[in-house]
K.L.:
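Below is one structure. I have some questions about it.
Only heavy atoms go into these numbers, but all of them, side chains included; no hydrogens, no water, no symmetry mates. Keep in mind that this is a model prediction, so the values were computed, not measured. A note on names: the letters A, B, ... follow the listed sequences, proteins ahead of strands, and every chain is numbered from 1.
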Number of protein chains: 2
Amino acid sequence: MSTDLLVAQLLDAAPDSTGAPIGALHRLLDDSAIDESDPAKSIAEAAALVGLSPTTLRYYERQQLVRPARNAAGHREYSALDLRRLVFIARMRLSGMSMQELTRYIALVDDGHTTQQERQQIMSAQRDRILHRIRELTLALEVTEYKIRTYGAPE
Amino acid sequence: MSTDLLVAQLLDAAPDSTGAPIGALHRLLDDSAIDESDPAKSIAEAAALVGLSPTTLRYYERQQLVRPARNAAGHREYSALDLRRLVFIARMRLSGMSMQELTRYIALVDDGHTTQQERQQIMSAQRDRILHRIRELTLALEVTEYKIRTYGAPE
DNA sequence: CTAGGGGTTGAAGCGCGCTCGAACGCAAGT
DNA sequence: ACTTGCGTTCGAGCGCGCTTCAACCCCTAG
């Protein structure tokens with residue numbers, strides 16, 4: 001599996017400083033890499049773009065996360081909108097949001113205007129989880145670097 | 001599951017600034033919470049101390065991560081050394097190290113002195129993974145906060 | 001006309017990291 | 001004597017997030 005691709009793209013583009021302006025990041029994938037006027041993409045193309053496998057994209061569709069149109073042959077056609085959503089999904093998965101919560105969120109989005117409050121709650125909870133996770137990792141990082149420094153120390 | 005306990009302890013004790021001196025942290029769990037002269041702990045006590053379930057501790061033993069002694073009744077007795085190792089294991093798991101890699105590492109530790117080089121490599125790889133993961137999360141955090149800010153925006 | 005390379009489906013399988021269930025042992029309290 | 005509570009073992013089961021399989025379809029190029 002490699003959601004790695006997507007992140008690689010993002011990380012490469014990011015000016016690497018932690019508190020960098022983020023507007024550019026949004027442009028990067030939401031607006032520039034995905035051109036609204038592009039013809040719809042095949043599942044293989046879409047998968048490559050977001051760094052997932054075609055199989056995973058089909059799986060996400062079964063889970064109701066995306067609903068690409070079909071062409072005459074019954075093949076999926078991912079519109080710019082679909083792709084945008086896929087990018088979002090990939091990011092959220094990557095940040096540790098569960099499929100369950102993500103499907104809930106997407107269902108709310110599809111449900112429309114009256115659901116903003118719950119959506120915002122979901123995202124706030126997600127932000128808190130990310131922050132918590134970052135703190136965990138920062139701590140673990142220190143332990144790991146300590147081990148590296150003390151090299152042959154027991155344990 | 002709650003490895004949470006352990007981390008909660010650590011996070012509570014940490015002066016919360018990201019680049020804080022870490023020596024204190026080591027003291028906290030490696031030296032103060034685990035007193036060398038304490039009598040050995042039961043599995044329930046040990047589990048509570050590191051924030052894992054007794055079941056998980058048995059599982060870790062099956063995986064050769066720890067080998068507590070047994071008392072006359074065949075019950076496990078976790079020594080200060082065992083507990084120290086459990087704390088380390090919990091931290092490494094929490095930081096995303098796989099069981100496979102962790103068992104490998106522990107096997108090397110148990111093997112002794114001639115394995116320092118590989119151990120150090122494992123830890124370096126782990127450090128890199130943590131750094132990568134933190135960058136991923138930082139990015140996802142920005143996206144999430146963007147969503148929260150723009151609130152009712154689609155997707 | 002046929003071979004190849006894309007696509008489709010539904011159902012089953014998998015790897016990870018636990019977690020649970022069943023059957024049992026031991027020691028203390030009432 | 002017996003219940004309670006903590007421990008033991010082995011093996012099976014589970015939830016998550018994909019991934020694989022088998023059978024089939026469609027289009028194009030040679």
Side-chain angles (χ1 to χ4, degrees), chain A residues 1-6 39-78 82 86 89-106 126 129 133 136, chain B residues 1-6 39-78 82 86 89-106 126 129 133 136:
Chain A
M1 175 201 58
S2 86
T3 40
D4 289 346
L5 209 167
L6 173 61
K41 293 209 171 356
S42 74
I43 192 166
E45 291 166 332
L49 186 67
V50 299
L52 300 170
S53 71
T55 298
T56 301
L57 261 45
R58 292 191 196 99
Y59 168 69
Y60 284 173
E61 188 173 345
R62 278 212 299 289
Q63 306 308 305
Q64 316 264 49
L65 290 179
V66 265
R67 284 173 239 274
R70 303 303 181 103
N71 67 14
H75 293 193
R76 289 166 179 83
E77 296 199 318
Y78 290 88
D82 294 327
L86 280 180
I89 289 167
R91 283 171 175 165
M92 287 303 104
R93 292 289 303 120
L94 211 54
S95 77
M97 183 178 270
S98 71
M99 283 300 287
Q100 184 167 114
E101 198 140 31
L102 190 47
T103 50
R104 173 68 185 151
Y105 182 84
I106 293 290
Q126 179 58 15
R129 274 193 298 267
R133 189 76 186 115
E136 280 181 358
Chain B
M1 174 201 58
S2 86
T3 39
D4 290 346
L5 209 167
L6 173 60
K41 292 209 172 356
S42 74
I43 193 166
E45 292 166 332
L49 185 67
V50 300
L52 299 171
S53 71
T55 299
T56 302
L57 261 44
R58 291 191 196 99
Y59 167 69
Y60 284 173
E61 188 172 346
R62 278 212 299 287
Q63 305 308 305
Q64 317 263 49
L65 291 179
V66 265
R67 285 174 239 274
R70 304 301 181 103
N71 67 14
H75 292 193
R76 290 166 179 82
E77 297 198 319
Y78 290 87
D82 293 327
L86 279 181
I89 289 168
R91 283 171 175 164
M92 287 303 104
R93 292 290 303 120
L94 212 53
S95 78
M97 183 179 269
S98 71
M99 283 300 287
Q100 184 169 113
E101 198 140 31
L102 191 46
T103 50
R104 173 68 185 151
Y105 181 85
I106 293 290
Q126 179 58 13
R129 275 192 299 266
R133 189 77 186 114
E136 280 181 358

K.L.:
Once you round it to whole Å, what is the distance between P of D/dG17 and OH of A/Tyr59?
P.N.:
6 Å
K.L.:
List in chain and number order the residues that pass side chain to side chain donor-acceptor pair (under 3.5 Å) with A/Thr55, two or more places apart in sequence or in another chain; answer none if no residue qualifies.
P.N.:
none
K.L.:
Atom CD of B/Gln63 and atom P of C/dG17: how far apart are they, to the nearest Å?
P.N.:
9 Å
K.L.:
Would you please confirm or rule out a distance under 4.0 Å between OP1 or OP2 of D/dC6 and any side-chain N or O of B/Ser42?
P.N.:
no
K.L.:
Test side-chain contact (heavy atoms from CB on, under 4.5 Å) on A/Val66 and A/Leu57; report intermediate values, then the result.
P.N.:
CA-CA 8 Å; A/Val66 265; A/Leu57 261 45; over 6 Å; no
K.L.:
Could you tell me the separation between the CD atom of A/Glu101 and the P atom of D/dG17, rounded to a whole number of Å?
P.N.:
11 Å
K.L.:
Got a list of protein N/O to nucleotides 25-30 of chain D N/O distances below 3.5 Å?
P.N.:
none

K.L.:
Among C/dG7, D/dG7, C/dC18, which is the nearest nucleotide to the side chain of B/Ile43?
P.N.:
D/dG7
K.L.:
Of the nucleotides C/dG17, D/dG11, C/dT8, which one has an atom closest to the side chain of A/Arg58?
P.N.:
C/dT8
K.L.:
For A/Gln64, check side chain to side chain contact (heavy atoms under 4.5 Å, CB included) against everything at least two apart and list the hits.
P.N.:
A/Arg67
K.L.:
Tell me which pairs pass salt bridge (Lys or Arg N to Asp or Glu O under 4.0 Å) where either residue lies in residues 52-61 of chain A, with sequence neighbours left out.
P.N.:
A/Glu61-A/Arg70, A/Glu61-A/Arg76
K.L.:
Does B/Tyr60 have a side-chain nitrogen or oxygen under 4.0 Å from the phosphate oxygens OP1 or OP2 of C/dC18?
P.N.:
yes
K.L.:
Can you sort out the partners of A/Arg129 under side chain to side chain donor-acceptor pair (under 3.5 Å), two or more places apart, ordered by chain and number?
P.N.:
A/Glu101, A/Gln126
K.L.:
Taking the minimum atom-to-atom distance to the side chain of B/Arg93, which one of D/dT8, D/dA12, C/dG17 wins?
P.N.:
C/dG17
K.L.:
What's the closest nucleotide to the side chain of A/Arg76 if the choices are C/dT9, C/dG7, D/dT19?
P.N.:
C/dT9
K.L.:
Could you pull out all residues at least two apart from B/Ala72 that satisfy side chain to side chain contact (heavy atoms under 4.5 Å, CB included)?
P.N.:
none
K.L.:
Could you go step by step and tell me if A/Asp82 and A/Lys41 meet the side-chain contact (heavy atoms from CB on, under 4.5 Å) rule?
P.N.:
CA-CA 10 Å; A/Asp82 294 327; A/Lys41 293 209 171 356; over 6 Å; no
K.L.:
Without decimals, in angstroms, what is the distance between B/Leu102 CG and C/dC16 C1'?
P.N.:
14 Å
K.L.:
Just compare D/dT19, D/dT8, C/dC18 and give me whichever is closest to any side-chain atom of B/Thr56.
P.N.:
C/dC18
K.L.:
Between C1' on C/dG7 and CD on A/Glu61, what's the gap in Å once rounded to a whole number?
P.N.:
13 Å
K.L.:
To the nearest angstrom, how far is A/Tyr78 atom OH from C/dG7 atom P?
P.N.:
10 Å
K.L.:
With sugar-phosphate meaning primed atoms plus P, OP1 and OP2, does B/Arg62 contact a base, only sugar-phosphate, or nothing at under 4.0 Å between heavy atoms?
P.N.:
base
K.L.:
Expressed in angstrom and rounded to an integer, what is the separation of B/Met99 atom CE from C/dC16 atom P?
P.N.:
11 Å
K.L.:
Figure out the CD/C1' separation between A/Glu45 and C/dG7, and round it to whole Å.
P.N.:
13 Å
